[in-house]
Amino acid sequence: MWIVLLITHSLLAFLLLGAITHQTLSVWAPPRSKPGSFLARARAVPSTSYVTAVIVLYLLTAIMGGYIYTNYRIAARFTLEQGHFWKTFGAFELKEHFIALGLGVLPAYWYVWKSPDAAALTHTRNMLTTVLAFVGWWGFLVGHLTNNVRGLGT
Amino acid sequence: MIRFRTFAIVFAPAYAVLYALAVFNNWALFTYAPATGEFGPLLTPATAGPSMYWYGWIATAALGGGALAGLCAFLPESVTRRMPACLTWGVPIVVILVFGYLLRGYFLR
C-alpha cells in the first residue's frame, strides 16, 4: 500500500510542479510577442487559471506526504541515520519545514491572484509564486533523492 | 474582501514565525506515535517507537496565526490598508533561511 501511496504522491507533486513552474515563468518572464519556441510557449500560459489547481494540488500532495511521513519516520529515517546519509537526512528535515511554511502562504497566494486589486500587488504575487515554486521543487527533488537511498519496496 | 486581504497578509507572516517558534520550543498542540497510531495532547510520549511533533507544530502555527489574523481582520480599514503586503513573502523567506542556517550541520559533516 505504501508504494501505491508514494507513487500517487509523486504524481501529484509532478502535476503541482508543472503548474507552479509554468506560472513562475509566466510572471517573471512573460512573452513579449507571439510565442514561437518551446520556452516561450511555456511562459505564455494564462497564469491565473493555474491558481486553484496549484492550491488544490499543494494541499493534496502535502496531506498525502504527511500520511506517508509516518512510515518514513518509523522505517526509512533509521536507514538514513544508520547509513550516515546526513546530507539526505538534513535535506529531508528542511523539506518537512519548507512544506509546512508553504501551507501558510496559500491564503495570501490565493488573494493576490484572485482579488480585484491584484494589479496593485504584482510584486507580492510574483514573490509568493516563487516561494511556492521553490518549496515545490525542493520537496520534489529531496523526496526523490530520499527514496533513492533505499528504493521502492525494499 | 478587505477583511480577507487583512487576514491573508497577517496570517502568512504570523504562521511562519509561530511555526518557527513551535519547532524551536517544541510547542506541539498534539503528538502522534506512528508505531502505535495513537494521538496525545501536547507533548505526550509515545508508548512505543518515536513521537512525531510535526503535525502538532503545524496545528499550533495554524491556530495561532489564524486567531491573530482573524482578530486583525476586524481592525479599521485605515489601519489594515497600511499593512505591507511584502510581509507575506518576506517573513517566510527569512524563516526558510533561518531553518537552512540552523540545519547546516547536516551538510557540513
Side-chain angles (χ1 to χ4, degrees), chain A residues 62-63 65-78 80-81 84-118 120-135 138, chain B residues 1-2 4-20 22-23 32-37 46 48-55 57-62 65-66 69 81 84-96 98-100 102-109:
Chain A
I63 289 168
Y67 184 64
I68 297 168
Y69 186 38
T70 59
N71 183 263
Y72 164 85
R73 191 65 183 77
I74 55 177
R77 184 176 159 134
F78 294 114
L80 296 181
E81 285 177 322
H84 300 284
F85 293 103
W86 296 119
K87 288 183 177 63
T88 310
F89 186 90
F92 199 88
E93 291 285 303
L94 285 175
K95 170 182 169 164
E96 138 191 348
H97 297 310
F98 293 173
I99 297 295
L101 289 167
L103 288 170
V105 304
L106 290 179
Y109 167 81
W110 182 86
Y111 178 79
V112 295
W113 275 101
K114 295 286 191 180
S115 76
D117 59 341
L121 297 164
T122 306
H123 187 64
T124 301
R125 187 193 67 188
N126 296 359
M127 290 304 292
L128 284 171
T129 306
T130 307
V131 168
L132 283 178
F134 169 76
V135 168
W138 184 278
Chain B
M1 203 63 167
I2 188 70
F4 186 75
R5 178 191 189 276
T6 308
F7 179 89
I9 287 179
V10 175
F11 181 77
Y15 172 93
V17 170
L18 282 171
Y19 178 78
V23 173
Y32 178 66
T36 56
S51 300
M52 293 179 73
Y53 305 112
W54 185 63
Y55 312 105
W57 295 333
I58 292 174
T60 302
R81 276 281 168 202
C86 62
L87 291 176
T88 58
W89 55 267
V91 173
I93 287 177
V94 169
V95 174
I96 281 174
V98 167
F99 274 113
L102 292 175
L103 296 179
R104 71 191 184 286
Y106 289 118
F107 305 95
L108 302 174
R109 292 189 187 197

ask   = Is there a donor-acceptor contact under 3.5 Å from the side chain of A/Tyr111 to the main chain of B/Thr6?
value = no
message = So for B/Ser51, is it side chain, backbone, both, or neither that comes closer than 4.5 Å to the heavy atoms of chain A?
response = backbone
Region of A/Asn71 that comes under 4.5 Å of a non-hydrogen atom in chain B = neither
ask   = Of all residues at least two apart in sequence or in a different chain, which pass the side-chain hydrogen bond (donor to acceptor under 3.5 Å, both in side chains) check with A/Thr130?
value = A/Trp28
CA sep, side-chain torsions, deciding dist, call: A/Glu93, B/Phe99, side-chain contact (heavy atoms from CB on, under 4.5 Å) = CA-CA 9 Å; A/Glu93 291 285 303; B/Phe99 274 113; over 6 Å; no
message = So A/Glu96 and B/Trp57, do their side chains get closer than 4.5 Å, heavy atoms only?
response = yes
query = Tell me, side chain or backbone of B/Tyr106 under 4.5 Å from chain A's heavy atoms, or both, or neither?
reply = both
query = Where is the tightest heavy-atom contact between A/Thr70 and B/Met52, given as atom of each residue plus distance?
reply = CA-SD, 4.0 Å
note = Pair count under 4.5 Å, heavy atoms only, with chain B: among A/Arg77, A/Met127, A/Lys87, A/His97, highest is A/His97
key: Stepwise side-chain contact (heavy atoms from CB on, under 4.5 Å) test for A/Val105 and B/Thr88   = CA-CA 7 Å; A/Val105 304; B/Thr88 58; over 6 Å; no
request  = Kindly check if the number of other-residue, nucleotide or ligand heavy atoms within 6.0 Å of CZ (A/Phe78) is above 12?
outcome  = yes
task = Check whether any side-chain heavy atom of A/Phe134 sits under 4.5 Å from a side-chain heavy atom of B/Ile96, and report yes or no.
result = yes
note = Turns out that what part of A/Leu101 lies under 4.5 Å from chain B's heavy atoms comes down to both
query = How far does CG of A/Leu106 sit from CZ of B/Phe11, to the nearest 0.5 angstrom?
reply = 9.0 Å
inquiry  = At a 4.5 Å cut-off on heavy atoms, which part of B/Ile93 comes close to chain A: side chain, backbone, both, or neither?
reply    = side chain
ask   = For B/Val91, is it the side chain, the backbone, both or neither that has a heavy atom under 4.5 Å from a heavy atom of chain A?
value = neither
From CA spacing to verdict: side-chain contact (heavy atoms from CB on, under 4.5 Å), A/Val112, B/Trp89 = CA-CA 12 Å; A/Val112 295; B/Trp89 55 267; over 6 Å; no
message = Tell me which of these, B/Gly90, B/Ala35, B/Ala62, B/Ala8, has more heavy-atom pairs under 4.5 Å with chain A than the rest.
response = B/Ala8
remark   = Given B/Pro92, B/Pro13, B/Pro50, B/Ala16, the one with more heavy-atom pairs under 4.5 angstrom with chain A than any other is B/Pro50
query = What residue in B/Tyr32, B/Phe4, B/Trp54 has the most heavy-atom pairs under 4.5 Å with chain A?
reply = B/Trp54
